[in-house]
Structures are given as C-alpha cells and as structure tokens.
Amino acid sequence: MRRWQIGAVAGVAVVIVGVGLGVASANEAVPTVNCPQVALKVAVPAQQKADVQRNLELLNTQINEANQRLRTTVGQGGPNFIQNAILGPLKDKRFATINRIETAIGRNAAKPDLNAEGLSACKLNQGGGKSPAQNTAVPSAAATAGSAATGTPTVSCPDVKVGAVPAQQRADVDRNLALLKTQIAEADERLRTTVGQGGPNFIQNAILGPLKDKRFATINRIETAIGRNAAKPDLNAEGLSACKLNQGGGAAPTAAPTAAPTAAPTTQAPAPATPAAEGTPAGSPVQVNGQLSVCGNNLCNAAGKAIQLRGMSSHGLQFFPNCVNAGSLDALRNDWKADFIRLSMYVQEGGLETDPTGFTNKVNGLVDQATKLGLYAIVDFHILTPGDPNANTALAKTFFANVTAKHARNNNVLYEIANEPNGVSWDGIKNYADQVIPVIRKNSPNSVVLVGTRGFSSLGLTDGADEKEILADPVDFKNVMYTFHFYAASHGADRRAVVARAAKELPLFVSEFGTQTFTGDGNNDFKSTDQWLDLLKANKISYGMWSLSDGRETNSAFRQGTCAGTKFAGTAVLTEAGRYIRSRILTGVGNPN
Ligand code: IDC
C-alpha cells in the first residue's frame with residue numbers, strides 16, 4: 001500500500017512549529033542532517049526521467065529545509081523536539097518521495113524496490129558540518145546494464161521550424177513538436193540499450209528508419225493542423241525527417257522548440273471562444289442529447305429525459321501524454337460507443353502548476369477533439385495531494401476562466417472542480433466550490449458542474465461521514481452533481497448500500513472508478529464491478545473508468561506500447577480491464593476476454 005493513501009485515510013498529521021527564536025551562538029555547532037543515499041541501481045525509462053529527476057532533486061530540497069529548520073529552532077522544544085518536529089516529518093517526506101520514484105519507474109519498466117523504508121530515516125551530524133547531498137544523476141539504461149556509456153551514438157536530427165500557428169491549432173502543434181523531441185529521446189534510448197545488437201544495418205533498419213517515418217508523419221500532422229485554420233504550410237517533411245548519427249555520442253541537438261511560436265493565451269485575456277461545433281456527427285452522444293442539465297436527482301438531456309453517460313477517464317495527462325488523441329478518442333466514440341472522455345489534468349505531481357499555459361492549451365485542444373467527434377468532455381481539475389482544494393483556488397480560477405472562455409459556446413463540456421478532496425471538511429470543499437463555480441458560470445452559465453465529495457470523493461465514507469452532511473448543506477448553484485468514486489476490489493456492498501440510498505436524494509456522478517483496488521493496481525474484481533455498474537444503471541448514474549492509458553498498472557485499458565502507435569480500435573490493443581469496460585459500454589455486459 002502506498003504511503004499517501006495510508007496517510008490520507010488516517011488523516012495526515014500536520015506538524016505546526018513556531019518560528020525559531022533561538023539563534024545559534026557563533027561557537028555552538030548546530031547539528032545537520034545526515035541522510036543515506038538513494039541509489040538507483042536500475043534503468044530509468046526515458047519517459048520517466050524527468051519525473052525521477054524532479055524527485056531526486058526534491059530529496060536535496062528536503063535535506064536543505066531540514067537543516068534550515070535545525071538552524072532556526074536551536075534551543076526550542078523539549079528533548080524530543082528535533083525527532084518529532086524535524087527528523088520525523090523528514091522521514092515521511094523521503095518515504096513518499098522514494099515511493100514516487102519507484103512508481104514512476106514502474107510505469108514503464110519493472111517496479112524496483114529502492115528500500116524506501118530503510119532509506120527514509122536520517123540521522124544527525126551532532127557536530128554540524130555539511131550534509132551529504134543526494135546524488136541526482138539519473139542512470140541511463142546502458143549505464144546500468146554495465147556497458148560503458150561513452151561512445152554510444154546518438155541521433156542528430158534537423159530542426160523543424162514552424163511559422164505562425166492559428167490559436168485553435170496551438171495545442172495540437174505543441175503536442176506534435178513535443179512528440180518530435182520524445183521520438184529523438186526514444187531513439188537515443190534504443191541506441192543505448194541495443195549496443196552491439198544485430199547486423200551492420202541494424203541501426204539504420206531498426207532505429208533510424210522507423211524514426212524517419214515517425215518524424216515524417218509528425219511533421220505532416222503539424223502542416224495539416226495549421227492548414228485547418230490557415231494556409232497549409234510546406235515544412236519540408238521529406239527533407240527534415242531523416243536523422244543522422246553522432247557516432248561519438250553526445251547530447252542530441254534538440255529538434256524543435258516545444259512551444260509553438262505564437263503568443264500563448266495569457267491568464268488576463270482568455271482565448272476567444274471556439275465557435276460551437278457545426279455538424280456534430282449524426283448519432284453521436286452530443287448530437288443526440290445536446291445540452292445537459294440536472295433534473296431532480298438525475299442528469300437529463302436537452303429533451304428533459306434522464307440519461308446515463310458511460311465513458312472513460314484519462315490517466316494523468318502529464319503521465320501518459322500520448323494516450324488521449326484523435327485516434328484513441330475516435331476508438332472511444334466509434335468502436336466502444338462511449339459517451340464521454342474525462343480529461344484528468346493533475347494540478348500537482350508535474351501537472352498544471354508546473355506549466356499553466358501548456359496544460360491549459362492541452363486541455364483546450366483535447367476538448368476540441370472530443371467536440372469534433374460528438375463526445376462529451378469532462379474537464380477534471382485533478383487535485384489529489386494536497387487534498388484540500390483551497391490550496392489551489394487561485395490556479396483553479398485562472399484555469400476555469402480560460403477553459404470556459406474558450407468553450408463558452410460548446411454544449412458538450414462538464415466541469416469537475418476537484419477530483420478527490422481529502423483531509424478537508426465538507427465546509428472546506430463548499431468554500432472552494434463557492435469561489436470557483438461563479439468563475440465557470442460567468443462564461444458557461446448552463447454547464448453541469450461536478451463537485452468532489454469528502455474523503456476522496458467517497459461522499460465522506462472514508463472519513464466516517466456520509467451523504468447527510470451534503471444534504472444538510474448542499475452547494476447553492478443549479479446544475480451541480482456530486483461525485484462518488486469507487487474501486488471495486490476495495491469497496492463493496494456497504495458502500496453500494498450508501499450509494500443506493502444517496503441516489504434517491506442527491507444527483508450523483510461516478511466520474512472515476514476502477515476495477516481493482518484503490519491503488520489503481522492489483523487484480524481486477526469484475527464480479528464486484530458488475531454489481532457496482534448494475535447499481536449505477538438502475539439509478540441512471542453516469543460513470544467513467546480509470547483509465548485510458550497504456551501503463552503497467554491494471555487500471556490501464558490499453559496494453560503497453562499502444563499509445564505510441566496509431567491503432568486504438570478493437571480488442572487486440574486492450575488489457576483485461578479495457579476489454580471488460582469496452583464490452584460493458586458496447587453491449588451492457590462486461591467481459592474481460
Ligand atoms: C493513481 C495512478 C498512479 C499514480 C497515483 C498518484 O493510477 O499511477 O501514481 O494516482 O498520482 C484515485 C485518484 C487517481 C489514482 C487512482 C488509483 O483519483 O489519481 O491514480 N485513484 O490509485 N482515487 C482513488 C484511486
């Protein structure tokens with residue numbers, strides 16, 4: 001079980017410490033912390049390097065912060081002050097960080113055991129002195145395989161220069177520019193991990209050739225994207241797709257800027273609204289149902305009929321950036337016959353807070369793609385850690401102001417303002433909702449808004465509360481639904497009973513559920529999932545499954561490697577969980593085979 005979940009369920013202890021009064025006298029040595037090295041003796045997959053790097057650096061930040069606290073609290077507290085107020089919290093933070101490193105690597109390779117338990121505790125250098133720093137070098141696959149990294153060739157690709165990009169196409173173009181970089185990183189990684197493999201033409205046939213094809217397609221997609229709203233440019237795909245080898249190795253030149261060169265929408269002036277989709281595909285969920293609203297305790301279509309929407313949640317858009325695209329959404333709509341995609345935009349963990357413009361553009365672009373297909377889109381402000389949404393109110397206001405401005409004329413967007421509040425009271429959640437919903441309503445007065453509930457969207461159950469606290473003090477806006485999340489292998493009959501009861505009094509929306517435990521991993525429990533989905537069907541409660549991704553965890557609907565390709569339809573690309581949910585949506589009966 002992961003630490004963040006234990007902490008969250010049990011309630012995270014907050015250590016409040018006063019500002020240090022004592023200042024060390026010049027000759028009195030202030031102790032410093034002495035933490036063991038976290039040694040990465042495993043290959044870090046290229047896709048996870050940035051994440052692992054960030055967490056390694058965080059270990060040093062934590063050490064520096066602890067030293068700072070040691071300096072500013074000299075003489076404070078009782079005999080156990082340092083242990084309780086500094087070393088203890090440091091241990092917890094390190095434990096969580098080391099766990100995150102394991103999880104990141106585990107997304108694309110075997111999950112390593114880095115000994116988080118053994119390496120999280122730090123000692124004191126009683127006499128002061130320099131703390132040993134954490135080594136932040138991320139070992140490459142070749143280095144860990146024991147082969148000398150020097151001399152491994154790298155690819156050298158020509159720059160792709162893009163001129164003006166129409167605002168509507170920015171997200172798409174940015175995504176493809178970033179993809180050019182990913183392709184280079186992946187080719188370099190393959191060069192490292194295949195040293196000595198194959199015959200004389202191996203590198204050409206197995207690495208440079210496929211890279212050329214991918215670049216060609218990507219550059220073409222950029223031309224096509226720009227051509228949707230402006231004159232189609234000729235970027236010289238043929239000339240720029242082939243790459244050479246830096247025989248002696250060395251850093252590959254960066255292929256392209258990752259951001260399209262036009263001004264990104266600023267937080268002050270939201271992008272102009274995209275015109276409402278004309279020609280929503282006939283028979284599509286949006287064409288059939290139109291603008292949704294909440295009627296009584298149900299979701300209703302434009303004709304006032306209570307309906308149930310069935311769909312999928314993405315995984316973190318930052319974790320699986322290639323899994324939600326025109327191809328996968330087309331499969332979702334036309335092959336699975338699903339009704340919606342939930343766009344899980346994490347706020348922390350490498351999400352929105354690290355690049356507000358980039359993630360806002362990304363979400364806007366994906367909403368546009370869903371719109372073209374006639375799918376509903378749920379814009380999920382995926383807070384998780386910290387669990388109190390009030391910690392992110394300012395970011396939320398800016399984000400929703402932008403996204404609603406861009407899609408003010410759409411009839412297919414639902415806004416989920418807080419994924420899974422935790423460690424916060426219903427009062428706290430309501431306070432946040434009262435500030436964010438008016439921002440949404442300003443541009444998008446009729447959209448349905450989903451409000452996360454206490455205890456990881458458990459209607460409070462995880463915290464020992466239940467739906468009654470919401471009934472006693474509901475959110476005072478129209479067209480609001482409350483979210484409930486379940487993970488079928490963790491949550492069973494007792495929670496189903498509460499949902500059955502609450503559904504009679506509150507409009508509920510299951511914006512996320514899993515067929516496994518709440519870790520998102522482990523064995524699927526399809527029997528329990530059947531019972532849950534039958535209950536939701538009986539009560540016309542909409543649902544979306546976690547997750548449209550191709551990672552190692554059992555929640556991934558696509559098999560590993562699928563998102564790097566272009567084929568998303570059919571069952572061959574699906575995992576057990578993927579086949580189950582596709583079948584359930586398509587036929588009404590889940591089937592993992
Ligand atoms: C999990 C992901 C996992 C990731 C973790 C933290 O599957 O790869 O490391 O989040 O970011 C939720 C959350 C959802 C969780 C999911 C499974 O909304 O973010 O995803 N889950 O643990 N609530 C209950 C379960």
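Computed from a predicted model, the values in this text were never measured in an experiment. Counting starts at 1 for both ligands and their atoms, in listed order.
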* **Option set Glu420, Glu349, His491, Gln516, criterion heavy-atom distance to atom 23 (N) of ligand 1, minimum** => Glu420

* Apply salt bridge (Lys or Arg N to Asp or Glu O under 4.0 Å) to Glu186 and list each qualifying residue two or more places apart in sequence or on a separate chain. => none

* Do any N/O atoms on His485 end up under 3.5 angstrom from N/O atoms on ligand 1? -> no

* Asked: Is it the side chain (CB and beyond), the backbone, both or neither of Glu553 that lies under 4.0 Å from ligand 1, heavy atoms counted?
  -> side chain

* To do: Might you work through the salt bridge (charged side-chain N to carboxylate O under 4.0 Å, His left out) test for Asp534 and Arg584, ending with a clear yes or no?
  => CA-CA 10 Å; Asp534 290 348; Arg584 174 85 198 197; 3.0 Å; yes

* To do: Using the test ring pair (Phe, Tyr, Trp, His ring centres under 6.0 Å), find all partners of His315 that sit at least two apart in sequence or belong to another chain.
  => Phe319, Phe320, Trp546

* Gap between atom CZ of Phe486 and atom OG1 of Thr529 - 0.5 Å precision -> 6.5 Å

* Which atoms from ligand 1 have a heavy atom of His315 less than 4.0 Å away? -> 2 (C), 3 (C), 7 (O), 8 (O)

* **Salt bridge flag under 4.0 Å for residues Glu576 and Arg559** => no

* To do: Compare Tyr487, Phe513, Phe319 and give the one whose heavy atom is closest to atom 21 (N) of ligand 1.
  => Tyr487

* Does the side chain of Ser549 come within less than 4.5 Å of Asn555's, by heavy atoms? -> yes

* Can you find an N or O of Leu384 that's nearer than 3.5 Å to an N or O of ligand 1? -> no

* **Atom indices of ligand 1 within 4.0 angstrom of Thr519 heavy atoms, with elements** => 17 (C), 22 (O)

* **Residue Asn555 vicinity, atoms of ligand 1 by number, heavy atom under 4.0 Å** => 7 (O)

* To do: Report yes if the distance between the aromatic ring centroids of Phe509 and Tyr482 is under 6.0 Å, otherwise no.
  => no

* **His382: numbered ligand 1 atoms lying under 4.0 Å from its heavy atoms** => 13 (C), 14 (C), 18 (O), 19 (O)

* Would you say Thr103 has any N or O atom under 3.5 Å from an N or O of ligand 1, going by distance alone? -> no

* Report the C-alpha distance between Phe513 and Tyr487 in whole Å, list the side-chain angles of each, state the deciding distance to 0.1 Å, and finish with yes or no for ring pair (Phe, Tyr, Trp, His ring centres under 6.0 Å). => CA-CA 5 Å; Phe513 78 90; Tyr487 278 76; 7.9 Å; no

* Structure fact -> If we number the atoms of ligand 1 from 1 as shown, the ones under 4.0 Å from a heavy atom of Asn419 are 18 (O)

* Which segment of Phe456 sits under 4.0 Å of ligand 1 when only heavy atoms are counted -> neither

